[in-house]
Structures are given as structure tokens and as C-alpha cells.
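Ligands are counted one by one from 1 in listed order, and the atoms in each one are counted from 1 as well.
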Amino acid sequence: MQKRDFLVVRDFTAKEIRAVLDLAKDIKRDQARHSRALEGKELAMLFQKTSTRTRVSFEVAMHQLGGQAIFLDWRSTNFTLGGIEDEIRSLDRYVSAIMARVFKHADVEAMARAARVPVINGLSDAAHPCQALADLLTIEEKFPDTRKIKLVFTGDGTDNVCVSLIEACALLGVQLTVVAPKEFIPPSSVMEWLAKNNLGRKISVTQDIAAGVKDADVIYTDTFVSMGQESEGERRIKIMHPYQLNSEVVKRTGKSPFIMHCLPAHRDIEITSDVLDSDKSIIFDQAENRLHAQKALLLFLLRPGFGS
Ligand code: CP
Ligand code: NVA
């Protein structure tokens, strides 16, 4: 069987995403059940950037499924000396899968081409597909039918988290409005993919925050300055400030929307503390759901046909 990778959400079909989310729900309900499912399997976790949630949730996921995770800080490996291809072709002789967090998306693509084992994108400049799985799982816990809700992402439309959310919502039929300044609208590659696959019907992009957030059931934001963008931080924050998730924006929905953020948050920059800490915040459920969603993803990739 050909190995599968998960570099972007759209590497999976809608049916496959559905299956992973359903398995994640099962796993969350009965966390002891699959404790030996990945016995004898190892995951290498390569990090070019810092991480709390991705690193720990993958490591705990492997441990709780009976497997093992190996953390590799990029700077302490010989990826810094050798080419990606040679290093990956060595790594895949030891492990069953590789998860990598990289600056350039092309790096994780090169890894996937070189590896004989599945490669998972643990965040690149272009995508954060594991985050999108946890996000959809979190939203589905709040709404019996997510095809009937309106989700809004406000802030940086070029953001990796936003792009993966667009792909996941399009595949699962969730209505998503991205509210972003004209300088930071979602990349044309994702918009073209939507159009080409006739998936754009429920995805819209607007610069008008008041109109965009109206009737939102859920509002999501992420940092205005992603890892690697620090040198343009000041400019980005200035342009995106009117798209901050604050109580005024929440009021404009005319509803009492759930609040989402993938974390880490920069309080009072992209989201105000009162909103982040409000009763409607499901931000820490999102963080927890990284664990359950990634367990399902690992089983899907490492034990094809698991549960069917
Ligand atoms: N949301 C997320 O990926 O968190 P970390 O950067 O801490 O892994
Ligand atoms: N967009 C953020 C997400 C962090 C989880 C970043 O890339 O830094």
C-alpha cells in the first residue's frame, strides 16, 4: 500500500477527514481503549520552530497509544549540515512516521518526497492541518450540525491556521467568512483550489468586519505575527488592529458566539483578555482536542483500515 502524508488538509478527501474526526470522538470518549494500537511504532518529531501544544500532544498521543515519540530540535541535528533528502532517508530507517514543524512549506514537501514513511506537517508557513482537525472536532462538540452554523475567522487571512481552516470547512460544508484587511487576504492558491473543485459556495472573504461577523456562531482569530514574521511585526499589527477580536466585535454578531484561538495568544493584540477568558471561550478545548485528533490521525496513517 502506498504511504500517505498529511501536509495540507486537502491531502485527505472529505470522507477521510470525516473518518478521522469520528475516530477522534471515539478515542476521546474511551481514552484507554487503544492503548496498544501503536505498539512498536515510533514517531520522529522534528522542530525548526518552538512549540508547546504540537510537541506535547503528539508525544503524549504516541505514548498513550503504546508507541514512542522522539523529539528532535532541528538545530541539534545534522539537518543543519546535510541535505533534507539524505537526512530523511536515514531517519526513515529508524521510525514509522515523521512529524515536522518547518519555516518553509517546501521543506516538509521535500521530506514527504524523500521519506518512505508518512510525513505529517506540524505547521509550516503555509498550513497547519493538524490544528484544523482539532478545530473542527471542537466545533462539532458544540453544534450537532456544523453545516448550519456560521464560522468567522478575523485577522490574518494569509495565516497558516486560517488556510487550513478554509480547506477543512470547504471539505466538510461549514460556512466560513474570513474577515481580513486587503493586504492580508487568503492566498490565491487556496481560493483557486476552492473554485476548481467547486467548493467555494460556503466560503467568503470580506474586509468589512461589521458585515462579516454578523450572525456568527463562532469567531476565531490567530496571531497577527506568525513565527518567522517578527521583522514585519509592527506593520502587520498596525494594519490588522481593526480586525482584533474584542467585545465590540462579539457584540456586532448579534449573537453570543463561541470564541476560538489556536494559541499561543498575544493578549490585547489580536484578542482582548476579556474575550479570551469569557464563558464562551472554547480555546482550551481546542488545545485539548489536538491530542484526540492527532491520535486518530496517527492511527489512520500508521494502521490503515484501523477500526473499519
Ligand atoms: N497551536 C499550536 O500549534 O501550538 P504550538 O505552537 O504551541 O504547538
Ligand atoms: N500562525 C501561527 C500559529 C501558531 C500555532 C504561527 O505560525 O506562528
Looking only at protein heavy atoms, identify the closest one to [atom] and say how far it is in Å.
{"atom": "atom 4 (C) of ligand 2", "value": "Leu123 CD1, 3.7 Å"}
{"atom": "atom 6 (C) of ligand 2", "value": "Ser226 OG, 3.2 Å"}
{"atom": "atom 3 (C) of ligand 2", "value": "Asp222 OD2, 3.5 Å"}
{"atom": "atom 7 (O) of ligand 2", "value": "Asn160 ND2, 2.8 Å"}
{"atom": "atom 8 (O) of ligand 2", "value": "Met227 N, 2.8 Å"}
{"atom": "atom 2 (C) of ligand 1", "value": "Arg290 NH1, 3.3 Å"}
{"atom": "atom 6 (O) of ligand 1", "value": "Arg101 NH1, 2.8 Å"}

Option with minimal heavy-atom separation from atom 8 (O) of ligand 1, where the choices are Gly122, Ser226, Ser51: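 Minimum heavy-atom distance to atom 8 (O) of ligand 1 goes to Ser51.
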Can you list the ligand 1 atoms lying under 4.0 Å from a non-hydrogen atom of [X]?
{"X": "Leu263", "answer": "1 (N), 2 (C), 4 (O)"}
{"X": "Cys262", "answer": "1 (N)"}
{"X": "Thr52", "answer": "5 (P), 7 (O), 8 (O)"}
{"X": "His128", "answer": "2 (C), 3 (O)"}

Could a heavy atom of Asp125 be found less than 4.0 Å from some atom of ligand 2?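 It does not; every heavy atom stays at 4.0 Å or beyond.
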Intermediate values then yes/no, salt bridge (Lys or Arg N to Asp or Glu O under 4.0 Å), Arg235 and Glu183: CA-CA 11 Å; Arg235 173 179 164 263; Glu183 294 87 343; 5.9 Å; no
Within the 4.5 Å heavy-atom criterion, are Tyr220 and Cys262 side-chain neighbours or not?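 Counting from C-beta outward, Tyr220 and Cys262 do come under 4.5 Å.
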Would you mind running through ligand 2 and noting each atom that sits below 4.0 Å from a heavy atom of Thr223?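 The list of qualifying atoms is 1 (N), 2 (C).
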Under 4.0 Å to a heavy atom of Leu263 - the qualifying atoms of ligand 2, by number: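 Near Leu263, meaning under 4.0 Å from one of its heavy atoms, ligand 2 has 5 (C).
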Starting at [atom1] of [X], measure out to [atom2] of [Y] and round the result to the nearest 0.5 Å.
{"X": "Asp217", "Y": "Lys280", "atom1": "CG", "atom2": "NZ", "value": "9.0 Å"}
{"X": "Asn121", "Y": "Arg101", "atom1": "CG", "atom2": "CZ", "value": "9.0 Å"}
{"X": "Leu263", "Y": "Gln286", "atom1": "CG", "atom2": "CD", "value": "7.0 Å"}

Please confirm whether Arg55 comes within less than 3.5 Å of ligand 1 when only nitrogen or oxygen atoms on both sides are compared.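 Min N/O separation from ligand 1 is not below 3.5 Å for Arg55.
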May I ask you to check if ligand 1 and Arg53 share an N or O to N or O distance below 3.5 Å?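 So ligand 1 has an N or O lying under 3.5 Å from an N or O of Arg53.
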Can you see which heavy atom on [X] is nearest to which on [Y], and at what distance?
{"X": "Thr221", "Y": "Glu270", "value": "CG2-O, 3.7 Å"}
{"X": "His128", "Y": "Gly122", "value": "CE1-O, 3.7 Å"}
{"X": "Gln244", "Y": "Ile269", "value": "NE2-O, 3.0 Å"}

Does Lys49 reach ligand 1, in the sense of a heavy atom lying below 4.0 Å from it?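 Not so, Lys49 does not reach ligand 1.
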Quick check on Gln286 - does any of its heavy atoms sit under 4.0 Å from an atom of ligand 1?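 The answer is no: ligand 1 sits nowhere under 4.0 Å from a heavy atom of Gln286.
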Between Glu140 and Arg18, does any side-chain N to carboxylate O distance fall below 4.0 Å?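 Yes, this pair counts.
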Lys196 bridged to Glu192 by N-O distance under 4.0 Å: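 A salt bridge is absent here (no side-chain N lies under 4.0 Å from a carboxylate O).
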Do Asp208 and Thr206 pair up side chain to side chain, a donor and an acceptor below 3.5 Å, judged on atom types alone?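 There is no such pair between these side chains.
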Residues Arg290 and Thr54: side-chain donor-acceptor under 3.5 angstrom: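 Result is yes, a qualifying pair exists.
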Taking distance alone, with no angle check, do Asp159 and ligand 2 share an N/O pair under 3.5 Å?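 Among all N and O atoms of Asp159, at least one is under 3.5 Å from an N or O of ligand 2.
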